[in-house]
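To keep things clear, I will list the structure first and then write my remarks on it.
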Amino acid sequence: MDSKPTALTPAQEDKMIEDAFKDLLDGYLNSNHRKKVEIIERAFRFAKEAHSGIRRRSGEPYIMHPIAVAKIVSKEIGLGSTSICAALLHDVVEDTEYTVDDIEQNFGPKIAQFVEGLTKISGGIFGDKASVQAENFRKLLLTMSEDIRVVLIKMADRLHNMRTLGSMAPNKRYKIAGETLYIYAPLAHRLGLFAIKTELEDLSFKHEHPDIYRQISEKIHESEARRSAVYSDFSEPIKRKLDSIGIKYDAKARLKSIYSIYNKMETKHLPFEEVYDLYAMRIVFECDDQSKEKAICWSIYSAITDLYQLHPTRTRDWIATPKANGYQALHLTVMGPDGNWIEVQIRSRRMDEIAEKGFAAHWKYKIGEGDEESELNAWLRTIKDILDNPEPSAIDFLNTLKLNLFASEIVVFTPAGELLTLPSGSTVLDLAFNLHSEIGMRCIAGKVNHKLVPLSHVLRSGDQAEVLTSKTQTPQPEWENHLVTAKAKTRLRQALRKMRQPMIAEGRKIFEKWLADNDIQESNAVISKILGTFHASGRDDLYYQLGAQEIVLADFLVKTLKKSAAHGDDRKTGLLSTIIKFGKKVMPTTSSSSNTETADTSADDATEKILTPEKKINTKEIYRLKHTADGANYKLAQCCHPIHGDDVMGFINDEGIVEIHSLDCPEAQVLKAGYGSRIVATEWDTAPERFLAHLKIEGIDRHGILQELIQLISTHMGIDIRKLEIEASGEVFECDLWVKVADVEAVSDLCRQARSIDGVTSAARVH
């Protein structure tokens with residue numbers, strides 16, 4: 001356990017502050033920026049005086065935070081005096097009596113503009129209400145489109161807050177970590193801030209899953225000696241070769257981040273020991289003449305492929321076509337001496353700085369309005385386009401914008417030879433909307449490499465693509481399934497809303513009259529019940545169905561709603577049948593009960609009574625998840641099916657019930673980012689209920705393997721099977737299995753024992 005830090009005297013504290021500022025100044029003086037020391041010194045003195053006597057939650061003087069942010073801005077992002085001053089002053093207007101006018105009077109209009117921009121988006125992107133969150137996010141992005149440096153300073157502010165997150169309450173940590181993973185890390189990636197993006201991901205993961213983070217860290221440390229030996233065997237021949245041809249370079253092993261290792265383990269269902277690409281070799285060479293960089297990259301490539309076998313499909317040339325975030329490098333993958341594939345990244349010093357520091361590094365190299373800058377400007381134009389036409393729902397707005405924050409791109413060509421960058425997975429319909437909204441609305445098909453293709457055709461890098469339109473075409477709701485770009489989704493939803501608006505207005509009148517006629521008070525509980533009854537996605541969808549006379553509000557609903565309000569929401573229980581599929585044959589097995597319902601995993605979780613909390617939940621305290629004979633004081637989320645032992649969080653829903661989500665559930669990411677005030681830290685009680693877990697089992701098919709599997713689970717382990725689907729194709733089989741278990745350990749034990757059956761090659765839980 002860490003010992004409590006010794007309290008400092010005022011003199012010692014002042015020395016600590018002055019030393020921290022001196023360290024900031026020394027770093028700035030060692031940079032290539034013009035040396036405007038006087039204004040930085042004045043900004044520090046101004047901020048120090050303004051924050052005098054104020055402390056952070058950790059107990060340290062508040063001024064240490066602006067100094068730390070300014071250090072990140074200067075050293076890790078590479079910005080100059082204007083940004084350093086704004087970083088030092090970024091909380092002055094928010095937290096003290098000083099105004100933006102005071103800042104402008106003392107430091108000029110540009111620094112004042114930056115501080116005002118940072119003040120607008122203070123406290124994180126999000127507030128407590130969805131509408132406030134969306135508005136703050138709009139301000140962030142509008143500020144970004146005025147001067148990107150404001151957002152870079154905000155990124156530094158978030159990074160320092162993440163580095164000192166340990167002093168916050170658990171529910172606040174979940175909110176800030178979730179918000180960081182959901183918005184800030186993708187934004188850092190999109191701006192080319194690779195080092196910051198990686199650290200933000202790792203820190204978020206560390207605070208959400210401390211135990212798993214520690215386990216992976218320990219395994220990395222334990223395997224370090226073996227990894228170093230393998231890297232040395234691999235790299236030494238390359239170094240000798242490069243030395244012999246006279247290239248000046250640095251070479252080192254770049255270890256995968258803990259978060260990316262965890263992601264690989266989860267998505268590929270691998271133990272740590274089977275993640276072979278733990279590191280890549282990075283070669284950074286010196287070159288004063290930018291025109292010679294490409295030739296040197298390929299000469300290094302040639303030297304490496306003379307030594308090792310090249311993987312034929314894993315060469316990536318990001319020099320000829322840089323990523324939209326400015327990233328340039330040549331990647332190749334070769335077979336190492338231990339028989340495993342190793343990636344090698346080749347970059348010039350300039351490329352390396354741009355990769356680590358993003359677009360800020362461009363100012364240092366003065367390359368002007370090159371391709372990378374125009375790509376950034378194109379992206380910012382898209383962001384502005386979305387801001388001008390925002391989604392009506394704040395969460396939809398955030399989701400739509402998030403589509404544009406990921407930077408995995410393809411490059412396609414128009415028939416005229418124009419080069420267009422689109423997100424990976426884009427379709428012909430995305431391309432149509434990218435060219436012009438009206439072209440998107442009238443699109444009927446496409447021509448890709450001179451062949452006729454449907455709207456849903458997914459484009460690949462290097463395709464030549466043409467869009468075909470018709471004046472009689474109108475946008476369709478199902479088109480949204482064929483879109484991945486934010487602009488296209490926004491434009492399509494706008495058009496559909498415009499077409500549906502008269503029906504929605506009519507439906508709203510019908511609904512309000514029905515409530516009034518039946519003396520029913522409109523509430524979130526009533527709306528939720530009706531939406532669930534008609535499987536409507538939201539209010540507008542319900543109103544549309546009513547207006548279009550697709551549904552009718554029947555009399556039975558009146559009794560149901562009034563009874564529910566009086567007695568709570570008891571749900572009927574039901575057992576699930578087991579379905580076993582062999583190829584195309586479907587054979588339902590008999591259930592242990594004659595009252596067998598349709599095989600639907602969601603029904604099984606609806607059997608327990610949920611107890612509404614008697615008093616308001618305190619989000620600052622740990623909420624204990626209890627399950628008694630009377631029912632549970634929580635509700636399990638249907639999106640991720642958490643079980644006892646999972647890292648989970650609570651979300652207080654509209655009915656005041658704590659809804660439990662796995663921490664890395666995609667919906668939980670949205671809730672953490674969007675509804676921070678309703679997040680509650682939780683811990684499992686020692687006497688849990690049984691939970692539904694979904695497993696996938698794969699292997700080599702043979703006679704009797706299914707019987708062995710069922711015997712192991714039901715007879716030997718005493719675990720209830722709720723649903724089982726198995727399909728054999730040729731010599732292999734796949735099995736989806738739903739079982740009732742007590743906790744995570746029971747699932748791990750089941751997977752371990754299933755893998756011991758002859759023919760079973762893998763068994764893992766599906767989240």
Side-chain angles (χ1 to χ4, degrees), residues 20-21 24 27 40 43-44 46-48 50-51 54-58 60-96 100 103 111-127 133 136-137 139-144 146-168 172-173 175-191 193 195-201 203-204 207 357-358 360 673 676:
F21 176 65
L24 162 67
I40 295 175
F44 164 63
F46 190 96
K48 184 182 177 185
H51 293 300
I54 304 170
R55 295 187 178 275
R56 298 193 85 206
R57 190 181 287 268
S58 61
E60 71 175 7
Y62 194 90
I63 187 63
M64 294 298 287
H65 169 64
I67 294 171
V69 174
K71 277 186 192 175
I72 295 168
V73 161
S74 173
K75 189 175 179 183
E76 299 181 45
I77 303 181
L79 299 179
S81 60
T82 304
S83 301
I84 292 170
C85 289
L88 287 167
L89 298 163
H90 79 273
D91 278 333
V92 166
V93 174
E94 176 74 13
D95 295 340
T96 75
V100 173
I103 303 294
I111 292 173
Q113 180 199 336
F114 280 19
V115 172
E116 183 178 25
L118 290 159
T119 304
K120 280 180 185 174
I121 52 178
S122 63
I125 288 172
F126 308 105
Q133 292 152 6
N136 280 342
F137 200 21
K139 285 175 182 173
L140 172 81
L141 293 160
L142 283 167
T143 307
M144 177 196 291
E146 288 167 15
D147 195 311
I148 200 80
R149 286 174 289 180
V150 175
V151 180
L152 297 176
I153 300 165
K154 186 65 190 170
M155 202 66 72
D157 180 38
R158 173 49 55 115
L159 179 58
H160 185 249
N161 282 335
M162 287 301 296
R163 286 173 177 172
T164 56
L165 196 57
S167 57
M168 302 292 282
K172 289 282 188 185
R173 289 206 300 268
K175 172 197 181 296
I176 294 168
E179 179 181 288
T180 300
L181 260 187
Y182 190 71
I183 296 293
Y184 279 94
L187 187 54
H189 186 97
R190 198 62 175 80
L191 295 172
L193 300 166
I196 288 177
K197 169 244 184 191
T198 303
E199 188 176 351
L200 288 175
E201 287 176 341
L203 288 169
S204 298
H207 286 288
K357 295 181 178 176

Which atom of [X] lies closest to which atom of [Y], heavy atoms considered:
X    : Y    : result
F46  : V92  : CE2-CG1, 4.0 Å
M155 : A188 : CE-N, 3.8 Å
I67  : F44  : CD1-CE1, 3.7 Å
P66  : L88  : CB-O, 3.4 Å
H207 : G166 : CE1-N, 3.7 Å
V73  : A87  : CG2-CB, 4.1 Å

request  = Please step through side chain to side chain contact (heavy atoms under 4.5 Å, CB included) for the pair Y184 and L159, ending with a clear verdict.
outcome  = CA-CA 9 Å; Y184 279 94; L159 179 58; over 6 Å; no
With heavy-atom distances below 4.5 Å as the criterion, would you say the side chains of [X] and [Y] are in contact?
X    : Y    : result
I153 : D157 : no
D91  : V69  : no
L165 : L203 : no
H51  : P61  : no

query = Excluding sequence neighbours, so at least two apart, what forms side-chain contact (heavy atoms from CB on, under 4.5 Å) with R56?
reply =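 R56: side-chain contact (heavy atoms from CB on, under 4.5 Å) contacts with S58, E60, Y62, H65, H160, N161, T164.
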Pairwise distance [atom1]([X]) to [atom2]([Y]) - rounded to 0.5 angstrom:
X    : Y    : atom1 : atom2 : result
L200 : I196 : CG    : CD1   : 7.0 Å
R173 : S204 : CZ    : OG    : 12.5 Å
L193 : T198 : CG    : OG1   : 10.5 Å
E201 : M162 : CD    : CE    : 10.5 Å

request  = Report the C-alpha separation of I103 and I111 in whole Å, then their side-chain angles, then the decisive distance to 0.1 Å, and conclude whether the side chain to side chain contact (heavy atoms under 4.5 Å, CB included) test is met.
outcome  = CA-CA 8 Å; I103 303 294; I111 292 173; 4.2 Å; yes
ask   = Taking it one step at a time, do L118 and E94 satisfy side chain to side chain contact (heavy atoms under 4.5 Å, CB included)?
value = CA-CA 9 Å; L118 290 159; E94 176 74 13; over 6 Å; no
ask   = Any sub-3.5 Å donor-acceptor pair from H189's side-chain atoms to P186's backbone N or O?
value =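 The answer is no, because no donor-acceptor pair under 3.5 Å joins these two groups.
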task = Would you mind listing every side-chain hydrogen bond (donor to acceptor under 3.5 Å, both in side chains) that reaches into residues 70-87, with sequence neighbours excluded?
result =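 Of all non-adjacent pairs touching residues 70-87, those that pass side-chain hydrogen bond (donor to acceptor under 3.5 Å, both in side chains) are D23-K71, E76-R163.
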ask   = Can you list the residues that meet the ring-ring contact (aromatic ring centres under 6.0 Å, His included) rule with F114, with sequence neighbours excluded?
value =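 If we apply the ring-ring contact (aromatic ring centres under 6.0 Å, His included) test to F114, skipping adjacent residues, there are no hits.
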